[in-house]
Amino acid sequence: MNIANNILKHSLQNVYFLVGTACGGKTTMGRALAKKHGFIYFSDNWNEDNHKVWQSIIDEKYQPNSTKRKEIDWEEYFSRSVEEFLADEKDNHGGSEYVQFSIIETIKLSQNNKVIADIWIDDFEFLLEISDPGRVACLLAPGELIIRDYYQRDDHIDFTNCIKSLKDPEKKFATQNELFRIGAKEMAAKAKKHGLFSIMRSEDSTIEDALVILENHFGLMKG
């Protein structure tokens with residue numbers, strides 16, 4: 001049984017979505033909004049507890065792509081070319097399998113509470129079918145800023161250390177950097193195409209300014 005998107009939308013009325021690129025500010029803004037307005041903050045970004053639950057329930061019959069990725073040879077995985085990564089991303093639906101799990105968890109949390117959800121959804125057509133534009137914000141960062149900050153973050157340290165432990169890490173980091181550049185451009189273009197409300201992070205961006213902009217967009221400012 002597939003759950004229709006209009007039914008999901010009805011069940012997600014208490015949810016505000018933050019989407020966008022890495023280092024765009026989703027985690028920072030999500031936590032700031034949750035703290036200030038008493039929301040629950042839900043993130044699927046390297047959430048160990050969520051991933052443990054996900055790994056315990058996936059079934060090859062229903063989640064074939066996620067099942068294949070249970071055991072990964074990281075040397076082989078990160079030795080791929082930019083073109084191979086992009087082709088795999090296009091063909092692989094493992095991410096969408098996990099999105100289903102995240103949406104259900106978000107629905108459970110939002111029954112009696114407002115929720116700010118930082119979920120990796122890059123299918124904006126689908127996102128706008130399960131939520132209103134006024135409850136969605138796309139937070140973006142340019143490729144070079146992502147490259148500068150991504151590897152330094154505490155929640156990405158396992159990713160960084162994994163690549164460092166492999167053969168020829170400089171080449172592998174160069175591949176990831178190019179993927180960040182491509183991904184940043186594509187995400188910004190998709191957000192524009194679908195008319196998503198967006199904030200582009202810059203060197204001069206501040207948490208305070210971005211928070212006010214988001215509060216206005218989400219209609220959270222007290223009159």
Side-chain angles (χ1 to χ4, degrees), residues 3 5-54 95-141 145-146 149-150 153-156 183-184 187-188 190-191 194-202 205-223:
I3 301 177
N5 289 344
N6 63 318
I7 296 175
L8 291 176
K9 183 175 182 178
H10 173 77
S11 300
L12 290 164
Q13 294 180 74
N14 282 338
V15 179
Y16 299 87
F17 287 95
L18 296 179
V19 296
T21 66
C23 300
K26 301 186 298 299
T27 300
T28 301
M29 288 298 100
R31 289 174 174 167
L33 286 167
K35 181 178 181 180
K36 184 172 181 180
H37 296 280
F39 295 171
I40 293 175
Y41 171 62
F42 176 83
S43 173
D44 64 3
N45 184 33
W46 294 83
N47 187 307
E48 185 175 351
D49 291 336
N50 287 339
H51 280 280
K52 283 182 178 178
V53 173
W54 174 244
S96 63
E97 292 171 358
Y98 185 66
V99 165
Q100 295 177 47
F101 169 80
S102 295
I103 287 175
I104 293 299
E105 292 300 301
T106 305
I107 289 173
K108 290 192 293 186
L109 290 172
S110 67
Q111 294 310 291
N112 299 303
N113 301 280
K114 298 283 188 180
V115 173
I116 188 77
D118 170 7
I119 299 176
W120 182 255
I121 301 176
D122 61 357
D123 183 345
F124 292 160
E125 183 174 345
F126 164 72
L127 180 59
L128 291 174
E129 288 185 358
I130 65 170
S131 186
D132 290 322
R135 295 200 303 273
V136 176
C138 186
L139 306 185
L140 304 166
L145 194 153
I146 297 173
D149 291 353
Y150 188 87
R153 285 178 43 165
D154 290 341
D155 54 341
H156 297 156
M187 186 71 74
K190 286 171 59 176
H194 289 86
L196 287 190
F197 175 83
S198 302
I199 301 175
M200 176 64 77
R201 183 184 165 197
S202 72
S205 297
T206 67
I207 294 174
E208 294 75 18
D209 288 346
L211 183 59
V212 170
I213 294 171
L214 282 174
E215 287 176 316
N216 277 311
H217 171 63
F218 287 145
L220 302 175
M221 298 294 285
K222 296 180 180 179

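Side-chain atoms are counted along with the backbone in the values below, which use heavy atoms only and exclude waters and symmetry mates.
- With sequence neighbours left out, the side chain to side chain contact (heavy atoms under 4.5 Å, CB included) criterion links Gln111 to Ile107.
- With a 4.5 Å cut-off on side-chain heavy atoms, Arg153 and Thr27 count as touching.
- Atom CD of Glu125 is separated from atom CD of Glu129 by 5.5 Å, given to the nearest 0.5 angstrom.
- Not counting sequence neighbours, the partners of Leu109 by the side chain to side chain contact (heavy atoms under 4.5 Å, CB included) test are Ile40, Phe42, Val115.
- For the residue pair Ala184 and Ile146, the shortest heavy atom distance occurs at CB-CD1, 4.0 Å.
- Surrounding CG of Asn216 are more than 12 heavy atoms belonging to other residues, nucleotides or ligands, all under 6.0 Å away.
- The only member of Val136, Leu33, Leu220, Leu214 that meets side chain to side chain contact (heavy atoms under 4.5 Å, CB included) when paired with Tyr16 is Leu220.
- The nearest pair of heavy atoms linking Leu211 to Ala32 is CD1-CB, 4.1 Å.
- Shown here for Ser110 and Ser11, the closest heavy-atom pair between the two residues is OG-O, 3.8 Å.
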Problem set entry | Working for side chain to side chain contact (heavy atoms under 4.5 Å, CB included), residues Val15 and Ile130 | CA-CA 10 Å; Val15 179; Ile130 65 170; over 6 Å; no
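- Distance CG/Leu145 to CZ/Arg201: 4.5 Å, rounded to 0.5 Å.
- The main-chain N or O of Ala141 is found under 3.5 Å from a side-chain atom of Thr21 such that the two form a donor-acceptor pair.
- A distance of 13.5 Å separates CD1 in Ile7 from NZ in Lys9, rounded to the nearest 0.5 Å.
- In terms of heavy-atom proximity, Gly134 sits nearest to Phe218 at O-CD2, 3.2 Å.
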For this session: Starting from the C-alpha separation in whole Å, work towards a yes-or-no answer on side chain to side chain contact (heavy atoms under 4.5 Å, CB included) for Leu18 and Tyr41.
Result: CA-CA 11 Å; Leu18 296 179; Tyr41 171 62; 5.7 Å; no
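- Within the 3.5 Å criterion, the main-chain N or O of Asp122 finds a donor-acceptor partner in the side chain of Lys190.
- Distance check: Met29 CE to Glu215 CD gives 9.5 Å after rounding to the nearest 0.5 Å.
- The closest side-chain heavy-atom distance from Ser96 to Phe126 is not below 4.5 Å.
- Closest heavy-atom contact between Val19 and Lys26: C-CD, 3.4 Å.
- Annotation: ring pair (Phe, Tyr, Trp, His ring centres under 6.0 Å) contacts of Phe101 (sequence neighbours excluded): Trp54, Tyr98.
- Atom CD1 of Ile116 sits about 13.0 Å away from atom NZ of Lys36, to the nearest 0.5 Å.
- Looking at Ser131, its side chain never comes within 3.5 Å of a backbone N or O of Leu127 through a donor-acceptor pair.
- Closest of all the heavy-atom pairs between Cys23 and Asp149 is SG-CB, 3.9 Å.
- From Leu12, atom CG reaches atom CD1 of Ile103 across 6.5 Å, with rounding to the nearest 0.5 Å.
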